[in-house]
**Student:** 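Before I ask anything, let me first share the structure, which is written out below as structure tokens.
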Amino acid sequence: MMRNTWTVTKIMLKMQYSSAGKQNNAWIYVVGSLILIPFFIMIMQGLNSIFSNAYHILAELNQESMLLGLVLLFITAILLFFSFIMVLSTFYFSDDITAYIPLPVHPYQLLTGKAANPLIYNYLISALLFLPFLFMYGSLSNASVIFYAYGFILFLIFPIIPFSLVAIILMFIMRYVNIAKNKDRSKIFMGVGSLLFIIFINVLVRLNMDDAALVDTLTVAIQEQEGLLQMITIIFPPAYFGASSLYFANSWSGILFLLALLAVFALSILLFIWAGQQFYLKGVRGMSSGSKGKLSAKTSQKLTQQRSILKTYILKEIKIIFRTPAFLMQCVIQSLFFPVFITVILFLDMGDELAGFVPAAPEKNLFLILFMISIFILSANTTAFTAFSREGASNKLNLFLPIPFHNLLQAKLLVAYFMSLLPFILIMGVGIYVNIPMDIFIGWIGITLLYNWLAVMINFIIDIQIPKLHWTDEQELFKGRFIPFFISLAQIAFFGILTIILWNTNIMSVYPVMFIMLMVILAITIFTQVYLRKKVTLEALQKLDS
């Protein structure tokens with residue numbers, strides 16, 4: 001049984017990563033790493049300072065274990081969010097599932113193979129978030145070797161628990177959701193529904209918070225040893241077991257808490273296997289069928305009326321993105337999560353306080369904060385990263401269409417540009433609500449719009465130089481492509497370093513800071529525009545698949 005499971009897992013991983021390494025792109029990783037190293041060091045130093053101050057404050061109250069609980073809860077929230085997207089896309093919205101169903105394996109073995117790739121991403125996320133904090137906390141508390149041993153065990157088992165929880169819930173739901181009648185529309189509904197559901201839960205929880213009761217609870221918790229840890233981790237017991245096992249690592253209590261966490265881990269694995277055996281294939285049934293609609297005469301006439309070439313190709317690109325569930329999830333919905341959460345949190349938690357605080361903040365610092373928020377949102381433009389790769393093997397058709405190459409190029413760039421502005425519009429709305437001074441608001445918007453064009457061009461160039469055209473499932477475009485991730489981090493690192501430098505200068509007025517940032521972005525944009533015109537040509541498109 002284990003042999004079949006391992007064989008299926010290896011086959012699926014090879015299918016996902018078989019195209020990796022065909023081109024020598026080591027220089028991109030080297031340059032990206034060199035840019036990221038100083039930025040990473042600055043971030044780690046800042047986080048270490050924050051954790052150190054928080055640790056000493058909580059240690060005076062004998063509540064330092066709260067830090068462990070908060071970090072594990074934060075990691076849990078991140079893993080639940082990404083697991084929700086990856087389970088839907090990998091288990092159900094992936095078209096390659098029909099190729100694996102005829103294999104002589106049990107449903108749970110097929111499911112285990114499908115889970116391998118999402119779990120790799122979960123471990124990468126955990127490594128970035130958990131391991132640095134583990135060493136920070138261990139250094140502050142003078143932890144023993146046992147603490148680090150427990151931390152390593154926690155790192156190995158903890159990411160699987162939220163993933164299994166999400167997978168079990170979704171398998172049960174998908175078992176009883178009839179999606180066979182209209183596959184594509186059902187997939188889109190599930191993607192949009194996931195965003196609305198998480199927002200609804202967030203709003204519901206925050207609206208039911210009683211400030212007076214919360215203060216009373218905090219008072220009681222502080223008076224009890226580890227009271228804060230128990231209070232904040234009550235919503236997810238594995239986080240409590242994990243945090244307690246680390247905090248009591250040098251006593252028998254730590255072993256008991258670790259055993260409790262291992263029991264939860266084993267139970268989650270067993271339930272995952274059982275749910276996969278019972279529900280998975282029944283939920284997948286009918287996924288490959290789609291709706292058969294007939295076009296009316298009016299609709300047919302509308303679709304065949306003459307339009308400009310540029311407008312037609314823009315509409316074609318937009319329809320492909322919104323009508324393909326994988327593209328809709330990755331290019332639109334996923335990019336909206338962070339801005340939506342920020343919006344909900346600001347309106348429900350800070351509201352009037354933030355509206356009064358923003359105008360009182362130093363103008364230079366306010367502008368730099370807003371600018372870095374824009375960088376985080378716009379740098380990872382998946383629409384531009386997949387501009388040509390989205391077309392896959394049919395990309396060669398562009399060579400035979402009666403479309404000038406510059407129109408094709410403009411359409412793809414404009415679609416990517418406006419798609420990335422969708423989440424930014426939400427942040428703009430928050431900026432209007434909190435009364436950002438008009439001069440800062442206008443400068444921020446103008447510089448951000450210019451940077452968005454720069455980010456689109458950079459990501460566009462990366463896709464045409466390192467495309468992924470040989471895919472059998474749309475999800476493959478977004479799996480195993482680490483170069484776009486590094487390019488996004490490099491952009492954040494570069495402008496992050498520039499922001500830190502400007503933050504620490506003696507310049508008090510915001511206008512010189514805006515001018516410096518504008519000139520830097522404008523210079524890079526002009527250089528990138530020239531490079532794009534030189535490298536992204538019809539000849540480059542002809543050689544794209546070679």
Side-chain angles (χ1 to χ4, degrees), residues 6 9 13 36 40 43-44 47-48 50-52 54-55 64-87 112 115-168 226 229 232-233 235-272 479-480 482 485 489:
W6 178 241
T9 303
L13 289 176
L36 288 173
F40 180 77
I43 293 294
M44 287 298 102
L47 288 177
N48 187 56
I50 294 172
F51 281 131
S52 178
Y55 177 86
E64 62 268 30
S65 61
M66 178 184 174
L67 279 176
L68 295 168
L70 283 174
V71 169
L72 289 180
L73 280 180
F74 176 73
I75 294 173
T76 299
I78 298 295
L79 293 180
L80 286 173
F81 164 64
F82 281 103
S83 295
F84 192 96
I85 295 175
M86 289 188 291
V87 167
T112 303
N117 192 60
L119 282 175
I120 290 175
Y121 284 89
N122 272 16
Y123 277 109
L124 289 174
I125 294 170
S126 298
L128 290 173
L129 299 178
F130 178 70
L131 293 182
F133 171 78
L134 182 70
F135 288 100
M136 289 179 190
Y137 188 92
S139 175
L140 290 170
S141 61
N142 296 319
S144 63
V145 177
I146 300 176
F147 172 87
Y148 294 104
Y150 283 10
F152 181 71
I153 295 173
L154 203 62
F155 170 72
L156 292 179
I157 66 176
F158 195 81
I160 297 178
I161 297 175
F163 178 83
S164 300
L165 177 63
V166 170
I168 292 167
E226 314 311 322
L229 174 63
I232 64 174
T233 56
I235 58 175
F236 193 70
Y240 173 70
F241 296 147
S244 298
S245 67
L246 292 175
Y247 185 70
F248 296 106
N250 294 323
S251 66
W252 287 102
S253 299
I255 297 178
L256 295 177
F257 282 117
L258 184 61
L259 290 175
L261 184 64
L262 288 171
V264 174
F265 168 73
L267 180 62
S268 65
I269 294 294
L270 292 175
L271 288 176
F272 177 79
K479 296 175 181 177
F482 296 108
F485 174 72
L489 286 181

**Student:** Less than 6.0 angstrom separating the ring centers of Phe158 and Phe265, yes or no?
**Tutor:**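 Judged by ring-centre distance (under 6.0 Å), Phe158 and Phe265 do not meet the cut-off.
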**Student:** For the atom pair OG (Ser164) and CG (Leu271), what is the distance rounded to the nearest 0.5 Å?
**Tutor:** 8.5 Å
**Student:** Can you see which heavy atom on Pro238 is nearest to which on Val264, and at what distance?
**Tutor:**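 It is CG-CG1, 3.8 Å.
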**Student:** Got Leu119 and Pro159 here, is their nearest side-chain heavy-atom distance under 4.5 Å?
**Tutor:** no
**Student:** Between CZ of Phe248 and CD1 of Ile146, what distance do you get to the nearest 0.5 Å?
**Tutor:** 14.5 Å
**Student:** Which pair of non-hydrogen atoms, one from Ala127 and one from Phe155, has the smallest distance, and what is that distance?
**Tutor:**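 That would be N-CE1, 3.6 Å.
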**Student:** From Leu165 CG over to Ile160 CD1, what is the distance, rounded to the nearest 0.5 angstrom?
**Tutor:** 13.5 Å
**Student:** I need the Leu70 CG to Ile75 CD1 distance, nearest 0.5 Å.
**Tutor:** 11.0 Å
**Student:** Answer whether the closest heavy-atom distance between the side chains of Tyr150 and Ile255 falls below 4.5 Å.
**Tutor:** yes
**Student:** List the atom of Asn122, the atom of Ser83, and the distance in Å for their closest heavy-atom pair.
**Tutor:** ND2-OG, 3.3 Å
**Student:** Using the rule given for side chain to side chain contact (heavy atoms under 4.5 Å, CB included), can you reason through Phe130 versus Leu72, listing the C-alpha separation, both sets of side-chain angles and the distance that settles it, and then say yes or no?
**Tutor:** CA-CA 8 Å; Phe130 178 70; Leu72 289 180; 3.9 Å; yes
**Student:** Does some side-chain heavy atom of Tyr137 sit less than 4.5 Å from a side-chain heavy atom of Val71?
**Tutor:** no
**Student:** May I ask you to decide if the ring planes of Tyr240 and Phe257 are parallel, tilted or perpendicular, using 30° and 60° as cut-offs?
**Tutor:**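 Answer is perpendicular, since the angle exceeds 60°.
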**Student:** Flag the pair Leu134 / Phe147 as yes when at least one side-chain heavy-atom distance between them is below 4.5 Å, and no otherwise.
**Tutor:** yes
**Student:** Going through the distances and angles, do Phe133 and Leu68 end up as a side chain to side chain contact (heavy atoms under 4.5 Å, CB included)?
**Tutor:** CA-CA 9 Å; Phe133 171 78; Leu68 295 168; 3.7 Å; yes
**Student:** Quick check: do Ile161 and Leu79 have side-chain heavy atoms less than 4.5 Å from each other?
**Tutor:**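 The answer is no; the side chains never approach within 4.5 Å.
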**Student:** Quick one: closest heavy-atom pair of Tyr148 and Ala143, and the distance?
**Tutor:** CE1-O, 4.0 Å
**Student:** Within this structure, what is the CG-CG distance for the pair Leu154 and Leu261, rounded to the nearest 0.5 Å?
**Tutor:** 5.5 Å
**Student:** Got a second to check how far Leu259's CG is from Ser245's OG, nearest 0.5 Å?
**Tutor:** 10.0 Å
